[in-house]
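All remarks here apply to the structure that follows.
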Amino acid sequence: MRDARGRFTPGNSGNAKGRPRKGFTFGDELDKALQKKHRGRIKRGLVLDKLVDLAIDGDVKAIRVICSLQFDRYQLELKTEIMDRIEALEAYIESTNKTN
């Protein structure tokens, strides 16, 4: 409602429905899921532990994920050089697996 001067009266506004809600992204949903607990531990820690275990066992994809997470976080300029080395390592591992 407006008064004689065209201003909104107290308790009324021109935006009755309010501000639109923010849409949720995949990242938001993933963060919520990883903050929950599973058997007494936070899932984020469980996922990171598994990722590190896979990397230690030589899983190049896990190594790549860990590196990309670190590079995104710190925005290092060496990313392309190291990613090229990882790709070379992947090619080497695939070639040695084919010969065995």
Side-chain angles (χ1 to χ4, degrees):
M1 301 299 231
R2 294 182 185 251
D3 62 12
R5 296 170 67 184
R7 296 183 181 171
F8 289 105
T9 56
N12 295 306
S13 82
N15 189 6
K17 292 183 181 180
R19 174 182 276 185
R21 291 186 180 200
K22 175 186 168 191
F24 290 102
T25 63
F26 176 76
D28 294 337
E29 294 299 317
L30 182 61
D31 283 341
K32 279 196 322 191
L34 290 174
Q35 289 173 5
K36 294 179 182 177
K37 288 190 176 185
H38 177 75
R39 297 183 182 168
R41 289 195 58 201
I42 295 176
K43 290 181 181 180
R44 180 180 312 275
L46 295 171
V47 170
L48 291 175
D49 288 348
K50 182 65 176 177
L51 188 61
V52 170
D53 289 345
L54 289 170
I56 289 171
D57 290 340
D59 187 331
V60 179
K61 289 181 182 180
I63 295 169
R64 182 184 288 260
V65 168
I66 290 171
C67 289
S68 68
L69 289 171
Q70 289 300 316
F71 290 130
D72 288 343
R73 183 172 178 188
Y74 299 111
Q75 299 178 355
L76 298 176
E77 294 177 8
L78 298 174
K79 181 176 182 177
T80 54
E81 179 184 344
I82 293 175
M83 294 308 275
D84 289 343
R85 290 183 184 189
I86 289 173
E87 288 173 4
L89 177 62
E90 285 177 337
Y92 173 76
I93 290 172
E94 287 179 21
S95 67
T96 58
N97 287 341
K98 288 180 182 177
T99 59
N100 291 336

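Everything quoted here is computed from the prediction, not taken from an experiment.
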Asp59: partners by side chain to side chain donor-acceptor pair (under 3.5 Å), with sequence neighbours left out: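 None.
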
Set of side chain to side chain donor-acceptor pair (under 3.5 Å) partners for Glu87, sequence neighbours left out: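 Glu87 satisfies side chain to side chain donor-acceptor pair (under 3.5 Å) with no residue once adjacent residues are dropped.
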
Problem set entry | side-chain hydrogen bond (donor to acceptor under 3.5 Å, both in side chains) contacts touching residues 23-32 (sequence neighbours left out) |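 Qualifying pairs: Thr25-Asp28.
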
For residues 36-58, pull every pair meeting side-chain hydrogen bond (donor to acceptor under 3.5 Å, both in side chains), keeping only residues two or more places apart or in separate chains.
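For residues 36-58: Arg41-Asp49.
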
Requested in this report: May I ask you to list the residues sharing a hydrophobic cluster with Phe26, side-chain cutoff 4.5 Å, ordered by chain and number?
Outcome: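 Joined to Phe26, directly or through intermediates: Leu30, Leu34, Val47.
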
Other cluster members, Phe8 - Ile/Leu/Val/Met/Phe/Trp/Tyr, side-chain contacts below 4.5 Å =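 Hydrophobic cluster check, Phe8: no partners found.
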
Open item on the list: Please find the pair of heavy atoms, one from Cys67 and one from Ile86, that lie closest to each other, and give the distance.
Closed with: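 The pair with the smallest heavy-atom distance is SG-CD1, 3.9 Å.
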
Could you tell me which non-hydrogen atom of Ala55 sits nearest to which non-hydrogen atom of Ala62, and how far apart they are?
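Heavy atoms only, the tightest pair is N-CB, 3.7 Å.
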
With a 4.0 Å cut-off on N to O distance, would you call Glu90 and Arg64 a salt bridge?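 Yes, charged N to carboxylate O under 4.0 Å.
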
Review point. Mind checking whether Val52 and Val65 sit in one hydrophobic cluster, side chains of I, L, V, M, F, W, Y counted as touching below 4.5 Å?
Key: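 Yes, same cluster.
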
